[in-house]
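Since the structure comes first, as C-alpha cells, the remarks are kept for the end.
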Amino acid sequence: MRRVLDLFSCAGGAGWGYHLAGFQVDGCDTADRPNYPFAYHRGDALEYLDHLTTTGDIDRYTLVHASPPCQAGCALTIGTNTSQGWGGDHCDLVAPTRELLERTGLPYVIEQPNGRAAIRKDLTLCGEMFGLGVLRHRNFELGRWATARPAHPRHRGYVRGHRHGVRRDGPYVAAYGKGGGKATVPEMQTAMGITWTDVHEELTEAIPPAFSQWIGTAFSTARQEVLV
C-alpha cells in the first residue's frame with residue numbers, strides 16, 4: 001500500500017486528506033497530539049527524517065509531506081504583527097527541510113501559507129476550489145514530481161469578521177485567532193471538514209483535508225502515467 005510520511009503533522013489535517021486519497025499515513029510532530037488519527041511519532045521532525053534516511057527506513061514510504069513552521073514568512077507575521085511590533089524572532093525551517101527531503105530521494109510536498117516563505121509555488125489551493133467555508137490559501141512545492149495547476153475560482157465574497165476597522169459578512173469564516181468575529185470551534189470544524197479534534201490551536205493551524213486529498217490523488221495519477 002502507498003504510504004505517506006506526514007512531517008510537522010499537527011492534528012492531522014493533511015494526513016486525513018492523504019488517507020482519503022488511499023494512503024497509509026504516519027505522522028511526526030514535536031508536541032503530544034492525542035487527537036492525531038494515525039500512527040504517530042513524537043519528536044523533532046527533521047531529526048526523525050534524518051534518522052529514517054540514514055537507516056534506510058525511509059524506503060517504506062512513497063511520498064513525504066512536510067509543513068514546517070511558517071512564522072518567519074507568513075503574511076500575518078510579516079504584515080500586521082511586524083507593523084505593530086508584536087512577536088519575536090522566528091526560525092525558518094523550509095530550507096533545512098528541503099535539504100533533508102532531497103536526501104531521501106523520494107517525491108515530496110512542502111506546504112506553506114501565503115507570505116514570503118522561500119518555496120516554489122507549484123500549486124496554490126483555496127477552499128473555494130472545494131466548496132469549503134474557508135479560503136485558507138496554501139502554497140505547495142512539489143519535489144521529484146509534478147502536476148497541472150488547478151484553476152483558481154473567483155471568491156464568492158468576504159471572509160466574515162472585523163478587520164482594520166471594518167465589519168463584513170461573507171460566505172467564509174476566519175479560522176484563525178480569537179475575537180473580532182473569528183470562527184468558533186464548531187464553525188471551523190464544519191468549514192474545513194475536520195471532526196476528530198476540537199482543540200482550537202490545532203484547528204487554526206490545520207489545512208483542510210480536501211487539499212491533501214486532491215494532492216494525493218494527483219500524485220497517484222502522475223505516478224501511474226509515468227509507469228505507463
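Heads up: numbering here begins at 1 and tracks the sequence. Note that the coordinates shown come from a computational prediction; the quantities given were computed from them, not determined experimentally.
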Work out which heavy atom in [X] is nearest to a heavy atom in [Y]; give both atom names and the distance.
{"X": "A118", "Y": "R98", "answer": "O-NH2, 2.7 Å"}
{"X": "Q112", "Y": "P68", "answer": "NE2-O, 2.9 Å"}
{"X": "M188", "Y": "A183", "answer": "CG-CB, 3.6 Å"}
{"X": "Q189", "Y": "T195", "answer": "NE2-O, 4.2 Å"}
{"X": "A45", "Y": "C28", "answer": "CA-SG, 3.7 Å"}
{"X": "G12", "Y": "P37", "answer": "CA-CD, 4.4 Å"}

Is there a donor-acceptor contact under 3.5 Å linking the side chains of T30 and D44?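 T30 vs D44: no donor-acceptor pair found between side chains.
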Could you check whether Y36 and D6, counting side-chain N and O atoms only, form a donor-acceptor pair closer than 3.5 Å?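 The answer is yes; a qualifying pair exists.
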Solution key, residues 206-216 side-chain donor-acceptor pairs under 3.5 Å, sequence neighbours excluded:
| from | atom 1 | to | atom 2 | distance (Å) |
| --- | --- | --- | --- | --- |
| S212 | OG | A14 | O | 2.7 |
| S212 | OG | P209 | O | 3.3 |

Check: H137 ring centre within less than 6.0 Å of H155 ring centre: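 Ring centres of H155 and H137 closer than 6.0 Å.
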Got a sec, which hydrophobics cluster with Y172, joining ILVMFWY side chains under 4.5 Å apart, including via others?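 Once heavy-atom contacts under 4.5 Å are chained together, Y172 belongs with L135, V159.
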Other cluster members, L106 - Ile/Leu/Val/Met/Phe/Trp/Tyr, side-chain contacts below 4.5 Å: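 Its cluster partners, ordered by chain and number, are L5, L7, F8, L46, Y48, L49, L52, I58, Y61, V64, L93, V94, L100, L101, Y108, I110, I119.
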Does [Y] offer a backbone N or O that forms a donor-acceptor pair with the side chain of [X] under 3.5 Å?
{"X": "R168", "Y": "G157", "result": "no"}
{"X": "R136", "Y": "A174", "result": "no"}
{"X": "E99", "Y": "P96", "result": "no"}
{"X": "E205", "Y": "Y176", "result": "no"}

Do [X] and [Y] have side chains that approach each other closer than 4.5 Å (heavy atoms only, starting at C-beta)?
{"X": "L123", "Y": "N139", "value": "no"}
{"X": "P171", "Y": "R160", "value": "no"}
{"X": "V4", "Y": "Q24", "value": "no"}

Do the charged groups of R156 and E128 touch, with an N to O distance under 4.0 Å?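 Yes.
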Lys/Arg N to Asp/Glu carboxylate O, K178 vs E201, below 4.0 Å: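 The answer is no: the pair does not qualify as a salt bridge.
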Using the test ring pair (Phe, Tyr, Trp, His ring centres under 6.0 Å), find all partners of H162 that sit at least two apart in sequence or belong to another chain.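 Per chain and number, H162 pairs via ring pair (Phe, Tyr, Trp, His ring centres under 6.0 Å) with no residue.
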Could you tell me which residues satisfy salt bridge (charged side-chain N to carboxylate O under 4.0 Å, His left out) with [X], sequence neighbours excluded, listed by chain and number?
{"X": "R3", "result": "D26"}
{"X": "R60", "result": "none"}
{"X": "D122", "result": "R120"}

Quick one: side-chain hydrogen bond (donor to acceptor under 3.5 Å, both in side chains) pairs with a partner in residues 7-19, sequence neighbours left out?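 Counting only pairs at least two positions apart or across chains, the side-chain hydrogen bond (donor to acceptor under 3.5 Å, both in side chains) contacts touching residues 7-19 are Y18-H65.
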Please list all pairs meeting salt bridge (Lys or Arg N to Asp or Glu O under 4.0 Å) that have one or both residues in residues 102-111, counting only residues at least two apart or in different chains.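 Checked against salt bridge (Lys or Arg N to Asp or Glu O under 4.0 Å) - neighbours excluded - the pairs reaching residues 102-111 are D50-R103, E102-R144, E111-R138.
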Set of side-chain contact (heavy atoms from CB on, under 4.5 Å) partners for [X], sequence neighbours left out:
{"X": "T190", "value": "none"}
{"X": "E202", "value": "C10, A11, R33, N35, T197, V199"}
{"X": "D32", "value": "P34, R42"}

